[in-house]
K.L.:
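Have a look at this one.
Letters A, B, ... are given to chains in the order of the sequence lines, protein chains preceding strands, and every chain is numbered from 1.
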Amino acid sequence: MARTPSSFTQLLRRPSSKILQNPKQPIRNIAHDNNEDKPLHSTDIVNQICATIRSKPRWENTLLSDFPNLSFLDSTLLNQVFTHQKNVLFSIRLLHWLRSQFGYSPDQSTCCLIFNSLVEHKAANAAKGFLELTKFVPDQAGIESYVRCLCESGMVEDALQVFDEMSKRGVCPLLETWNCVLQGCVKDGCTDVVWRLYGEMMELGVDVDVHTVGCLIQAFCLEKNVSKGYELFRQMLDDGFVPNKVCFDKLVFEFILDRKYSRVSALLHIMIAKGVNPDIYTYQQVIHALCLRRMQREGLRIFNDLKDRGYAPDRIMYTTMIHGLCKIKWLGEARKLWFEMIQKGIKPNIYTYNTLLYGYFKIGDVENALNLYKEMQDKGYSETLVAYNTMISGLCSHGRTTLAYQLFNQMSRNNVSKDVVTYNSMIRGFCNDGKLTEGLNLLRELVDHGLQPSSASYGPLIEKLYEMKRIDEVKTLWNEMQEKGVEPASVCINDDVVIGLSNEGYVTAGIYWLAYTVKNRFIPRQETFENLIGVLSQKDMLDVGQIALGHMFKIGYIPSFRLDAVSLT
DNA sequence: TTAGGGTTAG
């Protein structure tokens, strides 16, 4: 059985022609869906009204004069117009126009017609707005379609609200609807809701199916409880069911993250045996997971192997591989793939550009990064949150704080909202430049904007203030951090500063750090532990010292000092 | 022809 990542492609056969194509289908544009179905009770007038609405951009200004003798409140006529008018967004516009012109409010049958059409066309937002506007109450089937429509459009919170109301009224939804909501929750990463809903299903005695269990497997994967997910997966197979392909892919991904390569091989074998062939989605996940585990070399081998076997990597596959290579600073290989994809006719998109931009900064090639950013500006890719964040962080890492701050200020002018990453990057930049006041101001601004600060918001400021011996200010910041429940992640908060603060009498810092370390079972340096225990011992905080010592033993560190010397026994 | 996959700090 294959057990190493690079042998994962051994089972591959040449892909069928459909796999060679980009599997993404173009999204149907409802704004151009002009199927000329015959109206139910066809009249020329209906056709003319619809044609006018479709062809005149500002028909609202002329519709009355275009049809001077028409009674726009004739409900038979309106129903025909709404039926014939296939473009749901135009229907909504017409509805608003009729309201403002004549105070029109649609009757039950018209509401039903428009609402069903909106839901059918997956216009979730418009459907929501329509319900709010008209106070229309759809029938049971309508509500269920609406819930599914909301889920499929990613509006899971709205869907849950309607869904929960439905259960409160004692109505048991269709299995299809349950599954759709479960899937939506999985997509949103809300596993707690998945378990709650599944519990309700059990209580109501709903017969679940492959899709339901598929969602549970995915939920286990999301919670990093892959062994539980796999158990359920095996159980399904034993019962004679074949789980969704997504489950296979997610399990493969998680097993690679867990470095359980024999499990991955087993899964790939099962897939083929069950007629669920691994495809570029599967291998994209394989490469992504390998790169996350710093196994880019293996990932690249698989990537090339796939090409040799006739698979055509798509844009996402290229982006994933390029990103992996950028992360380990293999910019030469990354650029090779960048040009290769262009040569194959795949244009880099906003993700690919951001990735390469990150790569240039990673190796400190600011010049090429700036050139690429110019290209992004030309393509209209530059004014997004991630592009700005990549630029600001990259520029700050290489001493170009002033330019970074210019971009930072440009964001508000261009109506791009900043997030905690934007602020943290800029704070770090200012601190590196010794511009503490500016950094502190940004921390205030971050909080004022209602964003939740993280340890990376405080870390650089605390470190710099400590370096400058402004201990009182450090204490204030530390307290604020603790009050906001921000954990002192070791990548952001320097251990030596924590111990130093404890040593200077501010033991709170050490205790908070210790609680975080023990809770998350982190493995800090032995030296940090010993220093902390030393401080605690001097301060007669033996109980806390015991906790530190206990955790230290658990990790496997053997204290280099004599225990009786710190009077902890 | 179900959809599912990719980008930013420390």
K.L.:
Applying side-chain hydrogen bond (donor to acceptor under 3.5 Å, both in side chains), can you list everything that pairs with A/Lys274, at least two apart in sequence or on another chain?
P.N.:
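side-chain hydrogen bond (donor to acceptor under 3.5 Å, both in side chains) check on A/Lys274 returns nothing, list empty.
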K.L.:
Among B/dG4, B/dG5, B/dA9, which nucleotide sits nearest the side chain of A/Val246?
P.N.:
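When the side chain of A/Val246 is considered, B/dG4 is the closest of B/dG4, B/dG5, B/dA9.
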K.L.:
Give the rounded distance in Å between these two atoms: CH2 of A/Trp338 and C1' of B/dT7.
P.N.:
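Taking atom C1' of B/dT7 as the reference, CH2 of A/Trp338 is at 12 Å.
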K.L.:
Less than 3.5 Å between a donor and an acceptor, one on the side chain of A/Asp314 and one on the base of B/dG5, is that the case here?
P.N.:
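Side chain to base: pair present.
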K.L.:
NA contact type, A/Thr390, heavy-atom cut-off 4.0 Å: base, sugar-phosphate, or nothing?
P.N.:
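Counting heavy atoms under 4.0 Å across all strands, the contact made by A/Thr390 is with sugar-phosphate only.
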K.L.:
Taking atom P of B/dG6 as reference, at what distance in whole Å does atom CG of A/Asp249 sit?
P.N.:
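Nearest whole value for this atom pair: 11 Å.
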K.L.:
Quickly work out the A/Leu395 CG to B/dA9 P distance and round it to whole Å.
P.N.:
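So the two atoms are 13 Å apart, to the nearest Å.
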K.L.:
Do the side chains of A/Lys307 and A/Glu340 get close enough for a salt bridge, i.e. N-O under 4.0 angstrom?
P.N.:
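Yes, charged N to carboxylate O under 4.0 Å.
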K.L.:
Could you check how far NZ of A/Lys187 sits from P of B/dA3, rounded to whole Å?
P.N.:
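Between P of B/dA3 and NZ of A/Lys187: 10 Å.
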K.L.:
Please list, in numerical order, the residues of residues 356-381 of chain A that have a heavy atom closer than 4.0 Å to any atom of DNA chain B.
P.N.:
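Within this stretch, A/Tyr358 sit under 4.0 Å of the strand.
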K.L.:
Let me know the distance between CE of A/Met317 and C1' of B/dG5, rounded to the nearest Å.
P.N.:
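Between C1' of B/dG5 and CE of A/Met317: 9 Å.
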K.L.:
If the threshold is 4.0 Å, N to carboxylate O, is there a salt bridge linking A/Arg234 and A/Glu231?
P.N.:
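No salt bridge links A/Arg234 with A/Glu231.
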K.L.:
For A/Asn414 and A/Val416, indicate whether the former's side chain and the latter's backbone hold a donor-acceptor pair under 3.5 Å.
P.N.:
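Checked: no pair found.
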K.L.:
Is A/Tyr351 stacked on the base of B/dG6, with ring centres under 5.5 Å apart and planes under 30° apart?
P.N.:
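Yes; centroid distance and tilt both under limits.
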K.L.:
For the pair made of NZ in A/Lys245 and P in B/dA3, what is the distance, rounded to whole Å?
P.N.:
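About 13 Å, once rounded to whole Å.
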K.L.:
Who pairs with A/Asn494 by side-chain hydrogen bond (donor to acceptor under 3.5 Å, both in side chains), at least two apart in sequence or on another chain?
P.N.:
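Listed in chain order: nothing, the list is empty.
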K.L.:
Which of these nucleotides, B/dG4, B/dT8, B/dG6, is closest to any side-chain atom of A/Asn389?
P.N.:
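Among B/dG4, B/dT8, B/dG6, the one nearest the side chain of A/Asn389 is B/dT8.
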K.L.:
Tell me the interatomic distance from A/Tyr353, atom OH, to B/dT8, atom P, rounded to whole angstroms.
P.N.:
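In whole Å, B/dT8 P lies 18 Å from A/Tyr353 OH.
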K.L.:
Are any of the side-chain nitrogens in A/Lys519 or A/Glu487 under 4.0 Å away from the carboxylate oxygens of its partner?
P.N.:
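Yes, A/Lys519 and A/Glu487 are salt-bridged.
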K.L.:
Side chain of A/Ile280: nearest nucleotide among B/dG5, B/dG4, B/dT8?
P.N.:
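The nucleotide sitting nearest to the side chain is B/dG5.
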K.L.:
Quick one: label A/Thr422 by what it contacts on the DNA or RNA (base, sugar-phosphate, nothing), any heavy atom closer than 4.0 Å.
P.N.:
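The residue A/Thr422 makes no contact with any strand.
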K.L.:
What is the nucleic acid contact for A/Ser490, judged by heavy atoms within less than 4.0 Å: base, sugar-phosphate only, or nothing?
P.N.:
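No contact.
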K.L.:
Nearest to the side chain of A/Thr355, heavy atoms from C-beta on, is which of B/dT7, B/dT8, B/dA9?
P.N.:
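For A/Thr355, the side-chain atoms sit closest to B/dT7.
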K.L.:
Taking A/Asp279 for its side chain and A/Tyr281 for its backbone only, find out whether a donor-acceptor pair lies under 3.5 Å.
P.N.:
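Yes; at least one donor-acceptor contact below 3.5 Å.
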K.L.:
Whole-Å distance between B/dT2 P and A/Asn179 CG?
P.N.:
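Value for this atom pair: 17 Å.
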K.L.:
Rounded to the nearest 0.5 Å, how far does CG of A/Leu290 lie from CD of A/Gln285?
P.N.:
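Spacing of CD (A/Gln285) from CG (A/Leu290) equals 11.5 Å.
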K.L.:
Is there a donor on the side chain of A/Thr319 or the base of B/dG6 sitting less than 3.5 Å from an acceptor on the other?
P.N.:
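Yes, the side chain and the base share a sub-3.5 Å donor-acceptor pair.
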